[in-house]
Amino acid sequence: MALRFFNTYSRQIEEFQPRDPAKRKISVYTCGPTVYSRAHIGNFRAYIFEDLLQRHLELRGYKVHRVMNITDVDDKTIRGAREAKIPLSKFTAPFKQAFFEDIETMRIKRADEFPAATDPRYVDRMIEMIDTLISRGLAYQADDKSVYFRINKFADYGKLAHFDLTQLQSTGRVKHDEYDKEHIGDFALWKAWDEEDGDVGWESPWGRGRPGWHIECSAMATALLGDQIDIHCGGVDNIFPHHEAEIAQSEGVTGKKFVRHWLHCAHLLVDGQKMSKSLGNFYTLPNLLEKGYTGREIRYALMRVHYRAPLNFTWKGMEEARQALTRIDEWLMRLRATAAKKIDKGKTGMQLGTQFEEALDDDLNISAALGFLFESIRETNRAMDQNEMDAATANAWLDWWKRINTVLDLEPETEVGVPAEVAQLAKDRENARREKNWKRSDQLRERISALGWEVRDTKDGPKVTPRSAA
RNA sequence: GGCGGGGUAGCCAAGUGGUAAGGUCGCGGUCUGCAAAACCGCUAUUCGCGGGUUCGAUUCCCGCCCCCGCCUCCA
């Protein structure tokens, strides 16, 4: 079965058809963070979804060229810089750095490029695009000196969100300079400088000002990926107006279809509501790390639910993620031990199956994919329990895991060595057990546990492992 | 009001026109000195509600209900 995704534009599952199927090189543009504060895990749900998408495309042999923009100039960053009384770039720098730290902690692959909105190359490109839009009658400068996109001149405006322009209502969320615009839906391409902008601004044919949010993505996407992009992603809240505007701007300039496949992920909820800065119901990555959760646990927790379904964040969910990962870890340790034993009798040729990849082909059905993984784990554990797994088969499963783990990236952190103190206690305990001194043995196990380690008696002797932080 | 997404066990969550994957939690068992891990068994006569089509619907159709989101700078 072919690779297929739900396309927001058509609202249908469609077979993935890149521009250039023969070369298998595809372009992906993903909307990145606005660096005015630390991103919260709701933001990262989108980035993890995009990471899963990229890794699966790569597993299927595509060479992905991915761009993620960094919005480092907008109302919020300007306000933050002004309040902190520091230059804009100085204000945004630590948030950029925090963002890169966070994606690394969650094992999110870095995009090939992270263009910044304030990069002069892209500001020039934005000005150039706006100029073209004006010359085509698709944009105009209003009395307030800002330049707006004239949505009535772009026939397809509203097609992505499936909005009827006459039905647009103002939610009052954003203050409008409605009096200057021809249509309430016209959006800013270039915002004229005002006093609140301080020293933030660029010279343009329309006077000093700064780019609107939407034009930055159109400029960077077309500059780095060309006139047509294979896949463009973001959160559902970007569908309108942001991505709608991107289509209007990009197609208004190039005259070509901007994006072949639009993919949007649903929100992360907290207590049944969208996690957002404005509601104050958000957690950052450091918040979760402080609670003792690791990056991969958070990665798993955010990844395990299908990207188009809302995901409710709960601590119980974090615990479930931890337990599920422990199950995978134990399985890998057993497989490695079996592979090392060089047993050559037993069941060979167990069915490894391709259901994992096939599930992901189906609009990234991660739940079905993980279901198959866990079924495989039970099946292979059973074989190992019955000593029916030979080394070759164990290695085949390890190779299989290696393959699917290029997508999941859930391998445990490299094991830390057992501290000498713990090792000594384990040794003492083993001696006590030989003497059948169960009381002392249990006491020593308690002490080992208090130090954060767990000792288990297996057929091959005691195994000391780190106790998962509870 | 318009446009989407979702509603399946205590919790999370796949799925199919033919009778419900998987994870987690709980209970019982095997193993173990005891544990742990693993394995085995149990845990939804039922898939938001009401109709309809059908031999048969959770799955298709119609009508409702509930939750979440977007409706002009939120991933």
Side-chain angles (χ1 to χ4, degrees), chain A residues 6 8 11 30-34 39-50 71 74-76 151 158 161-171 173-174 176 178 181 183-188 191 212-214 216 233-242 244-245 264-269 272-279 300-301 304-306 308-312 314 316-317 319-324 326-327 330-331 333-334 355 359 365-375 377-378 381-386 433 436-438 441-442 445 454-459 463 465:
Chain A
F6 183 86
T8 309
R11 309 271 189 212
T30 51
C31 285
T34 301
H40 59 67
I41 56 169
N43 302 127
F44 286 110
R45 184 195 186 188
Y47 308 141
I48 283 179
F49 141 64
E50 289 153 3
T71 300
D74 79 320
D75 291 351
K76 284 176 251 176
I151 61 168
H162 295 221
F163 279 171
D164 175 356
L165 297 185
T166 62
Q167 294 284 335
L168 288 185
Q169 287 182 6
S170 173
T171 53
R173 202 179 63 178
V174 177
H176 294 119
E178 299 172 16
K181 295 197 283 188
H183 186 287
I184 185 178
D186 289 352
F187 56 88
K191 303 181 98 164
W213 177 39
H214 314 305
E216 92 181 47
C233 318
V236 287
D237 49 2
N238 275 161
I239 296 171
F240 195 90
H242 187 53
E244 196 73 68
H264 292 95
C265 75
H267 284 127
L268 184 67
L269 311 178
Q273 285 208 304
K274 174 180 165 183
M275 180 176 288
S276 73
K277 295 270 171 65
S278 52
L279 288 169
Y300 183 87
R304 66 187 179 135
V305 173
H306 185 86
R308 281 192 292 119
L311 197 178
N312 200 19
T314 60
K316 193 171 182 175
E319 260 336 288
E320 289 181 4
R322 166 171 289 170
Q323 291 310 323
T326 303
R327 186 163 163 78
E330 301 280 357
W331 174 66
M333 287 195 310
R334 277 191 87 179
Q355 283 104 311
N365 189 342
I366 187 69
S367 303
L370 290 172
F372 180 67
L373 166 63
F374 285 107
E375 274 177 31
I377 288 176
R378 183 156 37 76
N381 274 334
R382 184 163 48 216
M384 287 188 280
D385 272 2
Q386 293 164 358
R433 291 187 70 234
K436 300 206 188 295
N437 186 345
W438 307 128
S441 159
D442 290 346
R445 182 160 57 197
E454 182 175 53
V455 60
R456 275 192 222 154
D457 304 315
T458 72
K459 276 180 222 154
K463 282 257 181 340
T465 53

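Treat the numbers as computed from the prediction; the structure is a model and nothing was measured. Within every chain, numbering begins at 1; the chains are lettered A, B, ... in the order of the sequence lines, protein sequences first and strands thereafter.
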So does Asp385(A) reach the base of rC31(B) with its side chain, donor to acceptor, closer than 3.5 Å?
-> no
Ignoring hydrogens and angles, does a donor from either the side chain of Arg445(A) or the base of rA35(B) sit under 3.5 Å from an acceptor on the other?
-> yes
Which is true for Gly317(A) with a 4.0 Å heavy-atom rule: it touches a base, it touches only sugar-phosphate, or it touches nothing?
-> nothing
Return the stems involving RNA chain B, sorted by first number, where pairs are Watson-Crick (N1-N3 with N6-O4 or O6-N4) or G-U wobble (N1-O2 and O6-N3), both under 3.5 Å, and runs are 3 or more long.
-> B:1-7 with B:65-71, B:10-12 with B:22-24, B:26-30 with B:38-42, B:48-52 with B:60-64
Could you tell me whether Lys316(A) contacts a base, only the sugar-phosphate backbone, or nothing, with contacts defined as non-hydrogen atoms closer than 4.0 Å?
-> base
Is there a donor-acceptor pair closer than 3.5 Å between any side-chain N or O of Arg45(A) and the backbone N or O of Leu269(A)?
-> no
In Å, rounded to the nearest 0.5 Å, how long is the span from CD of Glu375(A) to CG of Leu370(A)?
-> 11.5 Å
Indicate, with a heavy-atom threshold strictly under 4.0 Å, whether Lys277(A) touches base, sugar-phosphate, or nothing.
-> nothing
Between rG23(B) (P) and Phe372(A) (CZ): distance, integer Å | 13 Å
Mind checking the P distance from rC11(B) to rU45(B)? Whole angstroms is fine.
-> 14 Å
For Met275(A), answer base if it contacts any base atom (sugar-phosphate contacts may also be present), sugar-phosphate if it contacts only those atoms, and nothing otherwise; contact means non-hydrogen atoms under 4.0 Å.
-> base
Going by modelled atom types, is there a donor-acceptor pair between the base of rG15(B) and the side chain of Asn365(A) at under 3.5 Å?
-> no
Nearest-angstrom distance, C1' atom, rU8(B) to rC12(B) | 12 Å
Under the 5.5 Å and 30° test, is Phe374(A) stacked on the base of rG22(B)?
-> no
Comparing Glu50(A) and Phe6(A) on RNA chain B - which has the more 5′ nearest nucleotide = Phe6(A)
If you look at every strand shown and take non-hydrogen atoms under 4.0 Å, does Gly42(A) touch a base, only sugar-phosphate, or nothing?
-> base
Separation between the P atoms of rC61(B) and rU16(B), rounded to whole Å = 14 Å
Check if the side chain of Arg433(A) and the base of rG33(B) share a donor-acceptor pair of N or O atoms closer than 3.5 Å.
-> yes
Phosphate OP1/OP2 of rC34(B) contacted by Lys436(A) side-chain N/O (<4.0 Å) | no
Do the side chain of Glu320(A) and the base of rG23(B) come within less than 3.5 angstrom through a donor-acceptor pair of N or O atoms?
-> yes
How are the rings of Trp213(A) and His242(A) set relative to one another: parallel (under 30°), tilted (30 to 60°) or perpendicular (over 60°)?
-> parallel
Sub-3.5 Å donor-acceptor pair from the side chain of Glu50(A) to the main-chain atoms of Thr30(A), do we have one?
-> no
Report yes if a donor N or O on one partner sits less than 3.5 Å from an acceptor N or O on the other, where the partners are the side chain of Ser441(A) and the base of rG33(B); otherwise report no.
-> yes
Determine, for Asp442(A) against Arg445(A), whether the closest basic-nitrogen to carboxylate-oxygen distance falls under 4.0 angstrom.
-> yes
Rounding to the closest angstrom, what is the interatomic distance between rC74(B) and rC47(B) at atom C1'?
-> 34 Å
When we call it a touch if two heavy atoms are under 4.0 Å apart, what does His264(A) touch: a base, just sugar-phosphate, or nothing?
-> nothing
Can Asp385(A) and Arg334(A) be counted as an ion pair, charged N to O under 4.0 angstrom?
-> yes
Considering just the side-chain nitrogens and oxygens of Arg327(A), establish if one lies under 4.0 Å of OP1 or OP2 belonging to rA37(B).
-> no
